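Just the heavy atoms: all of them, side chains too, but no hydrogens, waters or symmetry mates, feed the values below. Keep in mind that this is a model prediction, so the values were computed, not measured.
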Amino acid sequence: MKTRASNLATIIWVVAIAAVGVLAAPEALAYPYESYIDIESQEELEDLYASGQIDEDTYAVLTDLLERGVDINTASRDQIYSLPNLSYTDVDAILRYRKEQGRIASPEDLVAAGVLTQDQLFGIAAFLISVERVPLPLRGWVRGQTRYALADKRLPPFSLRARVQYRRTITAGVAATMSRLALTNLAYDPNRQGLLADTHEIGVHVPKLYLRHETDTVAVIAGTYRVGFGQRLTFDNSSDYTPNGLYLDDGLYTSTYLTSACRNSPGELPEAICAKDDVAYVSPDYTWSRALRGVAAGIKHLAVGDGYLQAYAWGSYQTNNAYISEIYDQTRCDDPRNDDDPNCGSLPVFVRPSGDDRLTPTNGQKFVTLPGVFAETVIGGNVTYFAAPRRYIGVTAYGARSSDLLEGVTLGYQEWAGQPTNGSYGAAGLNLGYGRGAWDLGAEAAFSFDDMTPTSGDAHGGGGPAIVVRGTHSQKHRELEVSLRYYHVDFVNPYARPIAASDEFEGQRARDEVGTRVRYLITTKQYGIRAVADMWQTTIDNTPKAALSLHSDYFIDKFSKVGLWLDWTDKDLSASGGGECYETEFDTDEFGETLSCTGQRFLYALRGSFSPKKDMALSFHGQHAMVDDPRYDDSKRHDLTGTAAMRMKIGRRERLAARLRYLSKDVKDDTYLEESLTGTVEVSQAVKPRQHLKLRLDYVHWLDSRDSTLERTPNPELRAWLTYQHAI
């Protein structure tokens with residue numbers, strides 16, 4: 001095997017470019033995301049993700065942040081820092097202005113006072129909860145959304161969300177949706193040694209419901225919520241970069257892609273049989289992220305000496321869904337890592353036969369989520385002493401227990417599902433922070449525990465240590481962040497979300513890893529640069545890995561800019577350079593266990609934006625990626641993406657947005673991966689001062705020649721989205 005002699009040169013080259021940018025820039029602007037964020041809606045955030053301008057983690061974080069919103073008059077320093085395009089210096093300036101003025105009457109006041117630039121305000125505006133004064137003590141909104149595709153033969157999916165606030169201290173929220181494609185009445189069938197389920201039954205779900213009371217000193221929430229502290233190592237399921245406390249949760253999500261109405265596999269029949277109305281691709285159901293469900297309460301500020309104390313406690317009980325490939329039968333398999341034992345595979349799922357004879361041969365199901373197969377109980381707490389707002393020491397601990405809910409079978413999680421199998425698990429940790437002037441230092445050490453007992457030499461679990469250290473130096477328009485991390489291979493914590501590389505060990509990112517990341521961000525009136533260098537290796541086999549990126553923008557004038565992006569990632573610096581995989585692949589069967597990849601990818605992108613007039617903005621983004629792929633032993637796979645977008649105000653209350661995207665994931669072989677052309681037109685109308693209507697139309701043409709595409713119905717696709725919001 002030849003070694004990658006060129007890797008060292010590549011690393012030196014990218015780091016040198018980044019260093020030039022660091023040394024050349026007198027002023028800078030910082031934000032913890034890989035791209036400058038300037039969006040007005042969830043749809044524009046989806047476009048950033050689809051075009052590769054943000055990764056999956058950033059998309060998930062910003063989606064949650066957009067759904068939850070930030071009240072700039074009550075948010076803490078850490079909460080405001082999670083907003084895009086802001087450094088700690090900017091956040092501290094906002095807090096000083098808020099303290100001096102008593103409250104921020106309008107975000108525009110921050111620009112007038114020189115606290116933020118107009119561009120910074122545009123970048124955070126979509127994430128802010130309205131701060132306007134309302135004569136009545138009650139305020140809030142109700143939002144309904146539906147979507148429709150030409151192939152829909154059933155009632156289209158529908159979602160309803162509402163949030164009401166009373167005098168800034170009491171907030172209530174609910175999110176409800178209707179499903180048409182989810183499995184129902186799941187049960188174990190001992191005759192088939194598999195699961196039975198009904199399909200295509202209409203169901204109504206209320207996955208998010210909460211009531212919160214919060215003041216400057218106390219916080220209580222009942223229903224669905226999120227919790228996070230410190231460096232996100234011991235416990236965090238929030239969407240904040242630096243969480244501290246309780247967060248409401250009422251978000252619903254839906255894929256921009258259509259989904260197959262029929263997910264039948266042959267099962268016990270010679271072939272899969274689908275109803276006439278189920279052969280086409282239809283609108284997907286709305287989904288929701290997993291949250292805690294129960295009661296949480298905390299004392300936010302209790303004076304103790306010259307400082308103050310905070311203390312939180314939470315308890316949760318919830319049922320969890322699982323993807324079909326994430327489960328196995330513990331009574332038939334001692335160790336799910338044993339891939340040579342057919343009993344350790346996922347359980348088959350069959351369509352429940354009609355009629356009285358349950359033994360009638362029937363189809364199976366593939367690519368489905370199993371509802372309510374596990375129950376999880378969580379109890380946790382945090383106590384932190386603050387000598388000053390930026391100087392603290394605290395402890396966080398939680399314990400959880402997972403159990404299966406189906407009668408007649410003992411289900412467990414597969415080892416790569418990212419969740420300890422049935423039994424108890426948890427973690428305890430110590431976190432501290434010190435901030436003075438331009439410096440902020442945070443660290444957290446934790447130890448996990450679980451009931452998993454290794455049964456073979458390559459099996460791990462039972463509990464292990466982890467530590468994260470993060471230092472930030474922030475000046476006006478400049479920020480440097482350096483972080484160190486160590487995650488033992490036995491550190492199994494599904495509620496850990498610290499800084500970690502994108503690769504996984506048995507479904508978890510914060511595991512089997514030691515590394516360091518340096519992030520530096522700068523901008524002047526002429527240009528902006530974001531440089532990130534991440535170096536890490538596994539703890540079991542010491543595989544060295546690296547990811548480097550350089551994202552630059554040049555401001556031609558205040559109306560236009562162009563940019564160049566360079567990204568390079570290698571998942572095994574010691575391996576040869578051909579015939580490997582870079583992306584996470586799946587087995588060819590319908591259960592799809594993930595495989596590890598050791599390849600590399602190099603990506604460059606050109607982007608730009610232009611505002612020909614005040615109420616219009618045009619932008620483009622084009623990128624070319626060269627990716628290791630097992631299909632190409634002596635070369636790379638070439639992927640192309642191009643996006644063009646336009647946003648403008650067409651009337652006093654009307655806005656128009658249009659986007660066009662071309663994607664080809666392998667330009668040499670149109671029978672391998674996706675090639676598509678997507679066009680979107682979105683019109684929003686303020687019907688009345690407090691009522692808003694939005695209509696979105698999508699056109700998608702699948703251009704590749706894969707068998708699944710040739711059989712795809714319909715193609716091209718036409719989709720419609722309708723959203724109505726009424727503010728109280």
Side-chain angles (χ1 to χ4, degrees), residues 57 78 226-247 292 296 298 310-316 376-386 391-402 418-421 423-434 440-452 454 460-471 481-501 503-517 536-540:
D57 293 325
D78 292 330
R226 296 172 182 259
V227 177
F229 298 97
Q231 301 304 313
R232 303 174 290 169
L233 182 61
T234 307
F235 195 96
D236 176 52
N237 68 337
S238 73
S239 58
D240 274 25
Y241 192 65
T242 52
N244 185 46
L246 311 179
Y247 301 85
L292 299 175
Q310 80 170 23
Y312 288 93
W314 61 92
S316 168
E376 182 186 54
T377 303
V378 181
I379 298 176
N382 167 271
V383 177
T384 304
Y385 176 74
F386 290 82
R391 297 177 219 170
Y392 59 85
I393 183 170
V395 293
T396 306
Y398 86 96
R401 185 168 184 82
S402 177
Q419 184 80 15
T421 195
S424 299
Y425 52 92
L430 173 72
N431 68 286
L432 57 87
Y434 181 86
D440 281 277
L441 176 66
E444 185 169 5
F447 198 95
S448 70
F449 62 87
D450 59 70
D451 285 343
M452 293 191 298
H460 300 277
I467 186 170
V468 176
V469 180
R470 185 175 69 93
E481 179 188 88
V482 180
S483 62
L484 305 172
R485 61 189 188 270
Y486 168 73
Y487 311 126
H488 194 274
V489 69
D490 293 331
F491 181 76
V492 183
N493 184 3
Y495 286 101
R497 292 182 59 254
I499 295 171
D503 55 350
E504 297 180 348
F505 180 83
E506 294 189 349
Q508 294 189 326
R509 293 179 58 173
R511 194 175 173 192
D512 183 33
E513 181 176 305
V514 57
T516 181
R517 187 183 77 173
W536 73 100
Q537 68 178 30
T538 59
T539 63
I540 295 180

**Student:** With no hydrogens and no angle check, is any side-chain donor or acceptor of Asn431 less than 3.5 Å from a backbone partner on Gly442?
**Tutor:**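 No.
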**Student:** Give me the atom names and distance for the closest heavy-atom approach of Thr234 to Tyr398.
**Tutor:**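 Shortest heavy-atom contact: O-CE2, 3.5 Å.
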**Student:** Are Glu376 and Ser316 packed together at the side-chain level, in the sense that at least one heavy-atom pair is separated by less than 4.5 angstrom?
**Tutor:**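 In short, these two side chains do not touch, never coming nearer than 4.5 Å.
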**Student:** Applying side chain to side chain donor-acceptor pair (under 3.5 Å), name anything that partners Arg517, two or more places apart in sequence or on another chain.
**Tutor:**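 Scan of Arg517 (side chain to side chain donor-acceptor pair (under 3.5 Å), adjacent residues dropped) gives Tyr241, Glu481.
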**Student:** Is the number of heavy atoms from other residues, nucleotides or ligands under 6.0 Å of Leu441 CG greater than 12?
**Tutor:**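 Atom CG in Leu441 is packed in, count exceeds 12.
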**Student:** Are Met452 and Tyr425 packed together at the side-chain level, in the sense that at least one heavy-atom pair is separated by less than 4.5 angstrom?
**Tutor:**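 Met452 vs Tyr425: side chains apart.
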**Student:** I need the minimum non-hydrogen distance between Ile393 and Leu430, along with the two atoms involved.
**Tutor:**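 Ile393 and Leu430 have their closest heavy atoms at CG1-CD1, 3.8 Å.
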**Student:** Flag the pair Val492 / Arg511 as yes when at least one side-chain heavy-atom distance between them is below 4.5 Å, and no otherwise.
**Tutor:**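 Yes. Closest side-chain heavy atoms under 4.5 Å.
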**Student:** Between Phe491 and Gln508, is the side-chain contact (heavy atoms from CB on, under 4.5 Å) condition met? List the steps.
**Tutor:** CA-CA 10 Å; Phe491 181 76; Gln508 294 189 326; over 6 Å; no
**Student:** Look at the side chain of Asp451 and the backbone N and O of Ser424, then say whether any donor-acceptor pair between them is shorter than 3.5 Å.
**Tutor:**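 Confirmed, Asp451 side chain pairs with Ser424 backbone.
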**Student:** Counting the benzene-type ring for Trp, do Tyr487 and Phe505 have ring centres under 6.0 Å apart?
**Tutor:**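 No, ring centres 6.0 Å or more apart.
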**Student:** For Ser448, which residues count as a side chain to side chain donor-acceptor pair (under 3.5 Å) partner, sequence neighbours excluded?
**Tutor:**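 For Ser448, no residue satisfies side chain to side chain donor-acceptor pair (under 3.5 Å) once neighbours in sequence are set aside.
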**Student:** Answer whether the closest heavy-atom distance between the side chains of Asp503 and Glu513 falls below 4.5 Å.
**Tutor:**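 Answer yes - side chains close enough.
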**Student:** Give a yes-or-no answer on whether the side chains of Asn382 and Gln310 include a donor-acceptor pair shorter than 3.5 Å.
**Tutor:**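 Yes - a donor-acceptor pair under 3.5 Å links their side chains.
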**Student:** Check for me whether the distance between the ring centres of Tyr495 and Trp314 falls short of 6.0 Å.
**Tutor:**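 No: the rings miss the under 6.0 Å criterion.
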**Student:** Which pair of heavy atoms, one from Ala427 and one from Phe449, lies closest together, and at what distance?
**Tutor:**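 Here Ala427 and Phe449 meet closest at N-CE2, 3.6 Å.
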